[in-house]
Protein chains: 4
Amino acid sequence: MTHPRSPADPERRPLRADAQRNRARILAAAESVFAEKGPSASTEGVAARAGVAIGTVFRHFPTKNDLLTAIMKNLQQRLTDQADTLIADGDPATALFTFFTSLVERAAATRTVVDLLAQTGTEVRPDEPIQDLEQALRALLFQAQRADAIRPDIDVTDVVALATAACHGALSGGWDEDLRHRTLAIMFAGMRTTPDA
Amino acid sequence: MTHPRSPADPERRPLRADAQRNRARILAAAESVFAEKGPSASTEGVAARAGVAIGTVFRHFPTKNDLLTAIMKNLQQRLTDQADTLIADGDPATALFTFFTSLVERAAATRTVVDLLAQTGTEVRPDEPIQDLEQALRALLFQAQRADAIRPDIDVTDVVALATAACHGALSGGWDEDLRHRTLAIMFAGMRTTPDA
Amino acid sequence: MTHPRSPADPERRPLRADAQRNRARILAAAESVFAEKGPSASTEGVAARAGVAIGTVFRHFPTKNDLLTAIMKNLQQRLTDQADTLIADGDPATALFTFFTSLVERAAATRTVVDLLAQTGTEVRPDEPIQDLEQALRALLFQAQRADAIRPDIDVTDVVALATAACHGALSGGWDEDLRHRTLAIMFAGMRTTPDA
Amino acid sequence: MTHPRSPADPERRPLRADAQRNRARILAAAESVFAEKGPSASTEGVAARAGVAIGTVFRHFPTKNDLLTAIMKNLQQRLTDQADTLIADGDPATALFTFFTSLVERAAATRTVVDLLAQTGTEVRPDEPIQDLEQALRALLFQAQRADAIRPDIDVTDVVALATAACHGALSGGWDEDLRHRTLAIMFAGMRTTPDA
DNA sequence: TATGAATGAGGTTTCATTCAT
DNA sequence: CATGAATGAAACCTCATTCAT
């Protein structure tokens, strides 16, 4: 199908090899910096950790917001990849819980997951929406409901909401591993068809 | 000998009526400003909304952090008051859920509830700890467990964690009323002794 | 109203006893505060140490500058009194040195002496000039020169200059007692008619 | 081993030519501004006189204190250079007096000399100590004492103290050239081995 | 008169963004 | 393309001074 080039089509310019490398280093640096200090961390700090000059950051990401968005796109890719693997290979009944748990674990390490989830199906703060993750969750949920492991009246938006909440909580509350397990156990119990018994 | 109030006696000076009024206006303005724009909103903005000069804000709250802390103390008071009422008057079996729900509803309106919860039982960012809220939740939980409405293996910290998560989620995700109900329903189902039936 | 109040007529109003007392306390507090922290110390700090409200300070001294000037007038009075005593009672040959030394000792304790000296016979920073101190020094110098203890070609302005310098030095350099003695000894040696021998 | 300069190596980066130029302009502007208005003059004023934006000043000197320190380092360099020249080329018996005089002359123009001297052998206000100047004075003094021009019981600290005092005095008292000569003459007379004769 | 709350200009510092090298 | 210096709008906070109580 040859649809006309949509106006918001950022890619399409084969970056030089070193530029490509810089882009990746900046992205990685930004992810770790923002994970540590939150999104109000300075762009200079990102440049420093990436080992490039501040100008280079702004050449790749004209705005701080662009940088944040790119981090999320990047992370989202990794997450949906993981979801796809689970759909293909995992136990249908528990794949959703596995993915959900790993999402929250990651949030404990990376503040960005949270923002990513918060944007699914909502108006955005960073300039561009992101929806694929919801698709992945929908698939996992559907699978689990088919396997009769999760109550049929539960919706993807419910799952997204719970995941968002859990991620935020894990992050801001400084949950330790034990508390994370206990909290998710309660959520999962609430989602299951059968009582714990 | 009852010497006159020693000159260096910082606490407990009954503020003048107009100052009292201004303090309240500033607190209210700050609560709404921070609720809208998050804690990185400018103190100048708070002063503007309160209709006072910037110096007045800093006279009442020498540091931005002091202002944030004061907002939380203030909110906490209102919350524990509500909890006390529920403990005295509400249905033992459902009082916790009622309080929990109202907590999250409020979070949808005021970003600050979230920060408040996030601090229960944790090191603080704003300079002073806040723990009474946890006490209130503990009492409600105990009551509900006595009434056999909530699983006995659930702990206050679990409840705090879930509440924190739900508040954060409600806030960042822009949950509407319906989604809020559905999400909390799942959490409550996970906490109850009996399955939904 | 009878006569129009002449514009530059500061005194002439028999202060109420308590007002008088406050004025004195403020002056004392100001002297010690400015001695400790320099003239950029805050007026609030002065009020606090005096145990009065800030408004009271400004009622007595409409401007910070007025306060500084008043401190100096006050100090000057005490200094010239001391000089008068020395002229009457001291050894003519050494009275100047005694007074000079005590000036510098005081400077080591009170930053204000220095500013006071710096203004003798100069354009002022604090709004009003002060000249009596120079008179006192002139008398002591004259006496010493009559006693043939000090070289006749030395002038009051030289003495003022040396005293200013020594005070400033004693203050800023953090001279200890030993260094103060040694330094003044050199200055005095330079002023004497006979060599040390 | 000549590994490539590690990325995190703060000192010693040869500034770009234009930055170098700006740094110099800022330093010059700062020196003149602080000389005129004292160290409480505003950094904005410095930026204005240097013809740069405020941010540029803070890029070069992250703190006002850093700026003050830099001015002093800079001045100190010029002073010790002059002292070195005098040690090499001047008349041993009078080089100290020449240097001392020029110090005070400069103080009459630049308030900073005074602060610089005041720090020799003392705890500092600006963040880093400065001691080379004392070395220079020590050398000059030693030379003069060898030439039997200055009393042997005089110490560098005495000389520093006198110089500090004279500089402070020259500055604060608004000494004219004549008074400066007369005052220094007295100090020198006090230091010399032989009476004026 | 005394009090102390309010004012608001001004100071230092940070940081996203631009642009000369 | 990369670099990093320059920009300048805010942000936070201080303090002399005014004025209602």
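Protein chains get the first letters and strands the later ones, always in sequence-line order, with residue 1 at the start of each.
The CZ atom of Phe61(B) sits 16 Å away from the P atom of dT14(F) (whole-angstrom rounding). Rounded to whole Å, atom P of dG4(F) lies 13 Å from atom CD1 of Ile26(A). In this structure, Leu67(B) atom CG and dC13(F) atom C1' are separated by 14 Å, rounded to whole Å. What separates CZ of Arg23(A) from C1' of dA2(F) is a distance of 17 Å, to the nearest Å. Leu68(A) has its CG atom 10 Å from the P atom of dA16(E), to the nearest Å.
Side-chain contact between Gln77(B) and Asn74(B) is absent, with no heavy-atom pair separated by less than 4.5 Å. Considering only heavy atoms from C-beta on, Phe58(D) stays 4.5 Å or farther from Thr63(D) through its side chain.
For the segment residues 27-40 of chain A, the set of residues with a heavy atom within less than 4.0 Å of an atom of DNA chain E is empty.
The side chain of Ala53(B) sits closest to dG8(E) out of dT3(E), dA6(F), dG8(E).
No donor-acceptor pair under 3.5 Å is formed between the side chain of Thr56(B) and the backbone N or O of Val52(B). A donor-acceptor pair under 3.5 Å is formed between the side chain of Lys64(B) and the backbone N or O of Pro39(B).
Atom CG in Leu75(B) sits 13.0 Å away from atom NZ in Lys73(B) (nearest 0.5 Å). Rounding to the nearest 0.5 Å places CZ of Phe34(C) at 5.0 Å from CG of Leu68(C).
Taking 4.0 angstrom as the limit, Asn22(C) places a side-chain polar atom (N or O) nearer than this to OP1 or OP2 of dA2(E). His60(A) has a side-chain polar atom (N or O) that falls below the 4.0 Å cut-off from OP1 or OP2 of dA2(F). Side-chain N/O atoms of Arg59(A) include none lying less than 4.0 angstrom from OP1 or OP2 on dC1(F).
Shown here are the side-chain hydrogen bond (donor to acceptor under 3.5 Å, both in side chains) partners of Arg49(A), two or more places apart in sequence or in another chain: Ser32(A), Glu36(A). Every side-chain contact (heavy atoms from CB on, under 4.5 Å) that Phe61(C) has, sequence neighbours left out, goes to Arg23(C), Ile26(C), Leu27(C), Asp66(C), Leu67(C), Ala70(C).
Heavy atoms only, all atoms of each residue included: Ala30(C) and Ile71(C) are closest at CB-CD1, 3.5 Å. Scanning all heavy atoms of the two residues, the minimum distance from Val57(C) to Ala47(C) falls at CG2-CB, 3.7 Å. In plain terms, the two heavy atoms of Val33(A) and Ala41(A) that are nearest each other are CG1-CB, 3.7 Å.
Toward the 5' end of DNA chain E, the nearer of the two residues Glu44(B) and Lys64(A), judged by each one's closest nucleotide, is Glu44(B). Heavy-atom nearest nucleotides on DNA chain E were determined for Val57(B) and for Thr43(A), and the one closer to the 5' end corresponds to Val57(B).
Across all strands shown, Ala41(A) has heavy atoms under 4.0 Å from sugar-phosphate atoms exclusively, and none from any base. Base engagement by Thr56(B) is indicated by at least one non-hydrogen atom pair under 4.0 Å involving a base atom.
Listed by first and then second residue, the salt bridge (Lys or Arg N to Asp or Glu O under 4.0 Å) pairs involving residues 24-34 of chain D are Glu31(D)-Arg78(D) (not counting sequence neighbours).
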Given Watson-Crick and G-U pairs under 3.5 Å, DNA chain E in dot-bracket ([ ] crossing, | other strand) is .||||||||||||||||||||
Short heteroatom pairs, N/O only, protein and nucleotides 18-21 of chain E, under 3.5 Å:
none

